[in-house]
Amino acid sequence: MKIATWNVNSLKVRLPHVLDWLAATQVDVLCLQETKTEDKAFPYEALEAAGYHAVHNGQKTYNGVAILARAELDDVCFDIPDFADEQKRVLAATVNGLRIVCAYMPNGQEVGSEKYGYKLRWLAALAGYLRAELQRFPQLALLGDYNIAPEDRDVHDPVAWKDQILCSEPERAAFRELVGLGLADAFRLFEQPPKLYSWWDYRQMGFRLNRGLRIDHILLSQPLAAACSACTIDKAPRKLERPSDHAPVMATVNLQSP
DNA sequence: ATGGCTTGAGTGTCAAGA
């Protein structure tokens with residue numbers, strides 16, 4: 001079973017890339033972030049024609065998350081329960097007995113800003129939600145745009161980024177808190193090429209110069225980590241015309257069918 | 001250097017991203 005995550009930075013603009021990528025990879029589950037669309041404009045029909053069911057938690061202009069799956073999506077849960085938030089950033093569903101949590105974590109703008117405070121509060125609420133969710137669903141994967149580079153090796157220039165947004169110690173501590181719930185960073189379960197990132201700035205030839213950060217992640221609960229045989233970042237869609245600034249991340253999990 | 005792209009909103013230019 002292949003599961004993946006991709007911040008598409010507007011599904012309206014990127015739908016052709018998404019459909020091409022689904023056809024090429026045949027992933028079983030794809031979590032999307034930054035759909036930037038309301039539910040009424042979500043492309044259910046095009047995705048169904050491509051062989052995917054979909055659930056969406058969206059809003060106008062900003063944010064928005066979706067889960068696409070070849071199998072049925074059950075027990076769908078919107079947002080973080082008991083956390084008041086106008087922003088549509090979380091969606092969970094069960095696919096083939098596997099609990100999929102799709103998250104678009106806040107950017108935080110600048111260390112010390114109001115949005116940074118929101119980011120840290122939001123991350124604490126997410127951890128509380130996942131602690132309960134893991135009790136209910138031992139087979140759980142948390143996929144999404146975390147907006148956190150967990151370690152210096154996930155950053156093209158750790159000196160320039162030191163203590164900056166996406167790299168600050170409180171953000172990294174929040175990432176470690178998620179790992180501490182019993183989750184493993186699928187990417188780091190395997191030997192990986194050096195300097196492989198998942199996001200590059202549109203400006204200053206960021207992608208061409210590989211000035212990137214690894215901020216999109218797949219965290220797996222213990223039974224899934226034990227069944228995981230690969231995790232890769234696919235840079236190919238980032239090379240297309242009008243790309244998203246993020247690349248998709250994909251993991252292979254070898255589960256016996258339920 | 002507070003710039004540099006891209007998107008959505010809406011028809012001016014700005015917020016937000018990371």
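Residue numbering restarts at 1 for every chain, and letters A, B, ... go by the order of the sequence lines.
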Atom pair distance, as rounded to whole Å: CZ in A:R208 and P in B:dC5: 12 Å

Rounded to whole Å, please give me the gap between NE2 in A:H246 and P in B:dC5. 18 Å

Look at the side-chain N and O atoms of A:R203 and state whether any lies under 4.0 Å from the OP1 or OP2 oxygen of B:dG17. no

Just by distance, do the side chain of A:T232 and the backbone of A:D234 share a donor-acceptor pair under 3.5 Å? no

Do A:L219 and A:V29 belong together in a cluster built from hydrophobic side chains that touch within less than 4.5 Å? no

Linking directly or through intermediates, with side-chain heavy atoms under 4.5 Å: list the remaining ILVMFWY members grouped with A:M205, chain and number order. A:L209

Regarding A:R89 and the six-membered ring of A:Y104, is the cationic atom NZ or CZ under 6.0 Å from the ring centre and inside 45° of its axis? yes

How many Å lie between CD on A:Q204 and C1' on B:dT6, as a whole number? 14 Å

Looking for any heavy atom pair under 4.0 Å, which part of the strands does A:E34 touch: base, sugar-phosphate only, or nothing? sugar-phosphate

Contact class for A:N63 (heavy atom, under 4.0 Å): base, sugar-phosphate, or nothing? nothing

Whole-Å distance, A:Q59 CD to B:dT7 P, equals 19 Å

Of the nucleotides B:dA9, B:dG17, B:dT7, which one has an atom closest to the side chain of A:V13? B:dT7

Within the structure shown, what part of the strands sits under 4.0 Å from A:Y146 by heavy-atom distance: base, sugar-phosphate, or nothing? nothing

Could you state the CD-P distance from A:Q33 to B:dT6, rounded to the nearest angstrom? 21 Å

In whole Å, measure the gap between the C1' atoms of B:dG17 and B:dG4 for me. 14 Å

Once you round it to whole Å, what is the distance between C1' of B:dG17 and CE of A:M105? 17 Å

Can you list the residues that meet the side-chain hydrogen bond (donor to acceptor under 3.5 Å, both in side chains) rule with A:R242, with sequence neighbours excluded? none

Nearest-angstrom distance from the residue atom CG of A:N9 to P of B:dG8: 8 Å

Pick the nucleotide of DNA chain B nearest each of A:D145 and A:P243; which residue has the one closer to the 5' end? A:P243

Could you state whether A:I218 and A:I67 fall into the same hydrophobic cluster, counting links through intermediate Ile, Leu, Val, Met, Phe, Trp or Tyr residues with side-chain heavy atoms under 4.5 angstrom apart? yes

On the nucleotide B:dT7, are OP1 or OP2 found under 4.0 Å from the side-chain N or O atoms that A:R14 carries? yes

Pairwise P distance, B:dA16 and B:dG10 [rounded to whole Å]: 14 Å

Look at all strands and tell whether A:N147 reaches a base, only sugar-phosphate, or nothing, counting heavy atoms closer than 4.0 Å. sugar-phosphate

Considering only the C1' atoms, how many Å lie between B:dG3 and B:dG8, rounded to the nearest integer? 22 Å

Should the ring pair A:F175 and A:H217 be called parallel, tilted or perpendicular, given that the plane angle runs from 0 to 90° and is split at 30 and 60? perpendicular

For a quick check of understanding: with a heavy-atom distance under 4.0 Å over all strands, which category does A:I165 fall into, base, sugar-phosphate or nothing? nothing

Flag if over 12 foreign heavy atoms under 6.0 Å of CD, A:E169: yes

When rounded to the nearest Å, what value does the distance between C1' atoms of B:dC14 and B:dT2 take? 16 Å

Give the rounded distance in Å between these two atoms: CE of A:M205 and P of B:dC5. 10 Å

Could you list the protein-to-nucleotides 12-16 of chain B atom pairs, N/O on both sides, closer than 3.5 Å?
none

